[in-house]
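Chain identifiers are assigned alphabetically (A, B, ...) following the order of the sequence lines, protein sequences preceding nucleic acid strands; residue numbering begins at 1 within each chain. Note that these values count all heavy atoms, side chains included, but never hydrogens, waters or copies made by symmetry.
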Amino acid sequence: MDGNTSGEDGNDIDWNTEDELEIDNFTLSSSSSLTVPGGEPVVGCGESSSSPGPSNSKVVDHFIGMGFSGKMVAKAIQEHGEENTDSILETLLTYSALESSPQAQQQVDCNPCSSDNEGSFLDDFSDMDSFSDNEEIINPTSEKEKKMLSLVNMGYTVEEASIAIERCGLDSTVVELTDFIFAAQMARAEDVNFPLEEKPRPNHAYKKRKLLEYEMLKKKRQMRLGNQTTGEDDETVHLPNPMVGFGIPSEPCLKTQRNLPEGARGPPYFYYENVALAPKGVWTTISRFLYDVQPEFVDSKYFCAAARKRGYVHNLPLDNRFPLIPLPPNTIHEAFPLTRKWWPSWDTRTKLNCLQTCIASAKLTERIRKAIEDYDGEPPLGVQKYVLDECRKWNLVWVGRNKVAPLEPDEVEMLLGFPKNHTRGISRTDRYKSLGNSFQVDTVAYHLSVLREMFPNGINLLSLFSGIGGAEIALHRLGIPLKNVVSVEKSAVNRSVVRSWWEQTNQRGNLYDLDDVQQLNGDSLEHYMNLFGGFDLVVGGSPCNNLAGSNRHHRDGLEGKESSLFYDYFRILDLVKCIMSKNN
DNA sequence: TTTAGGATGAAGTCAAGC
DNA sequence: GCTTGACTTCATCCTAAA
C-alpha cells in the first residue's frame, strides 16, 4: 500500500450523515429552515403545524388540547404572538422535550462527519458564530429562541441559556454565551465566588471553549452509541495479567486477528497511548471515544529492563509484528553490568519499576548508605525492607559498597529505547521530565512494525503530543521512511530535541513542528493534507498528569486540566478521518 | 529566573489466607 | 465469596540555592 493512498477498509463507513447539522439543529419543527456553515439550508424532519392560526383563546385551547400546559402555552404565545402557530408549536415541543429528557431529543444517527458540508468541523466554532448570524438574517423575530435552542441542544438548561442571553445580551454569539455559562459552571464546581455579572476573562475563553468542545464530543459519542452508554461510566476495563497485550516478542501469537468496529477502520491508522493504571472508568471512556476499540495493555518490562504499564488503543493489524533489533537488555544486570559487583543478595530485583519524571535526592541515598553501613553482613530485615522500599520507589541501583544511586539521564534514554544523548543539552531536570513522559520505543515499535510492509515508500505522520519524538524514532528505527511529519508538542524544549534528532539523522522528509494541539483545526489540517495527500498514521499519547497514581494533588481523571487534552486527540483524529473520507 | 531538593498519600491491583 | 496487606504509580508544590 502506498503511503499516500487510502486503505479500502474505510470505504464501507457511512460518512454521509449530516452529523454536525443534526447536533446543531435540535429543533423538531419542519418549519424551521436554518442556514448552516456551509451555506446550505437545512430543513427539519419533524411534524409541522401548518394550519392557519385560529384566533384568541382557540389558540390556547388548541395547544392545551395537544397536551401542553397552559403556562407553557401562554409563555410561547407571549413570545411569538397568536398568529405564529408554527413557532409556538416549535417552542412548545422544545420546552416539553427538555422537561422530559433533553438527551432523548437527540436520537439521531450521528456519523462522525458531514462530508457534504464544507468546513463543518466540530472544532470550528466560527461556524457556530455564523450559524447564529444566519439565523438572525432569516428570522430575526426568533433570535432569542434559536440561541436558546442552540444552547439547550448543547446540554445546558433552559434557565442557564436564558440567564446567559440576558446577561450577555442578545447580540452575543453562541460561543460567547457558552463561555459565560461555562464560567459560571466552573465557578460553581470549584466553589469559587464568581459573580454571574462578571464576564469571563479573555484568557479563560479558550479553555472554556475547549470544555465546550468536550461536552459536544461527549454528546456526539452518546448519540452515536444511543442508550447503550447510559449508566455505563463505571464499567471497568480489566487489566490483563500478565500484561502482554495481543502479544509480545517472546509470545507473539496470542492474538493475530480481531474484528475492529466499523468506525475504527482506517484510513488513517491511529495509535493512542496512556497509563494503564488510570482511575476507574477512564479507559472505558477512552475506548468509547476511539471508536470502541479495545485497548491493548502492555507492560514494557516484557521489552526492556523497566516496567511501564500502558494502554494502547489502535487500529493496526496484529499479525506479522516484529521487534526492533538489537533487542534491548532485559534485566537490570544486563542493562547495567557494573552494578552486579555491588548488588546485595537480599535485593532480588531483576526489573526496574516505572521510570518517572523525578529522581531520588542525594540525601536519600546518603540516608540509605548510613542505614546499612553499620552492618558487616546482611542488615536486619527491617533495614532491608526500608532500603528495598526506597530502591523500588525511586528505581535506585547499586553503584558502590552500601551505595545506591538514581539512574543517569542517558541510562534512562537507553532503557526507553532512545538514542544515546538524545536529550543531552537540556537541563537535567528537563531530561528526566521529558524522558519520564515518553514512549518506551521498543514497545511502540513492536506495534507499529506492521506498517513497514504497507508503507515501503514512506509514511505521512501526524504526531500529537510528540514529546521527544518516541513515535518518530520508533518508525525510523523500523526502517519506515518519514516522508512528512506534522509534530505537535507544547514544550519548546521537546520540540528542539525532536528537531535536533531530525537534522542529525539526515531525514529526507519534511518536519512541520507545531506547538498547540488545541489550535490545530480543520483548516490547518486540510492545508497539510492537501500538501502531501493525507496522513497515514495519527499517533499520540496525551498527558497523563491527571491519571497517574503519582499525582497526589490533581488526579482528576480525564476531566483534569492536562489529561482532558485526550479529547483533542479524538477531535483531531476524527477531523482527519472526515477530511480523508471527503477527499476520497 | 532557573534549577534542584524534599515533603507530600491516595487509589488501585494482586495474591494470599480464610 | 471476602478481607487483608504488600506493592506500584509518565507528579505537584513549596522552598532554598545558584
Q) Picking from C:dC10, B:dC14, B:dT3, which would you name as closest to the side chain of A:Asn274? A) C:dC10

Q) On a whole-Å scale, what distance lies between the P atoms belonging to B:dG5 and C:dC10? A) 22 Å

Q. Does A:Asn545 have a side-chain nitrogen or oxygen under 4.0 Å from the phosphate oxygens OP1 or OP2 of C:dC10?
A. no

Q | Residue pair A:Ser542 / A:Tyr272, side-chain donor-acceptor N/O under 3.5 Å | A | yes

(Q) On the nucleotide C:dT8, are OP1 or OP2 found under 4.0 Å from the side-chain N or O atoms that A:Arg392 carries? (A) yes

Q) Taking the P atom of each, how far is C:dT9 from B:dT8, in whole Å? A) 22 Å

Q: Describe, in one word, how the ring planes of A:Phe455 and A:Tyr269 are oriented to each other, choosing from parallel (under 30°), tilted (30 to 60°) and perpendicular (over 60°).
A: perpendicular

**Q.** Out of B:dA11, B:dC14, C:dC7, whichever nucleotide has its closest atom nearest the side chain of A:Arg555
**A.** B:dA11

Q: Just say parallel, tilted or perpendicular for the rings of A:Phe535 and A:Phe532, cut-offs at 30° and 60°.
A: perpendicular

Q) Does B:dA7 pair with anything, Watson-Crick or G-U wobble, both distances under 3.5 Å, and if so, with which nucleotide? A) C:dT12

Q | Comparing A:Arg552 and A:Leu277 on DNA chain B - which has the more 5′ nearest nucleotide | A | A:Arg552

Q: Kindly say if A:Ser361 contacts the phosphate of B:dG5, meaning a side-chain N or O under 4.0 Å from OP1 or OP2.
A: no

**Q.** Rounded distance (Å) that lies between atom P of B:dT13 and atom CE of A:Met243
**A.** 10 Å

(Q) Looking at A:Arg308 and C:dC10, is any side-chain donor or acceptor paired with a base atom of the opposite kind under 3.5 Å? (A) yes

Q: Round to a whole Å and report the spacing from CD of A:Glu390 to C1' of B:dG5.
A: 15 Å

Q | Pairwise 5' ranking along DNA chain C for A:Leu547 and A:His554, keeping only the more 5' one | A | A:Leu547

Q | Charged N-O contact under 4.0 Å between A:Asp516 and A:Lys490 | A | yes

Q. For A:Cys354, which contact category applies under a 4.0 Å heavy-atom criterion: base, sugar-phosphate, or nothing?
A. sugar-phosphate

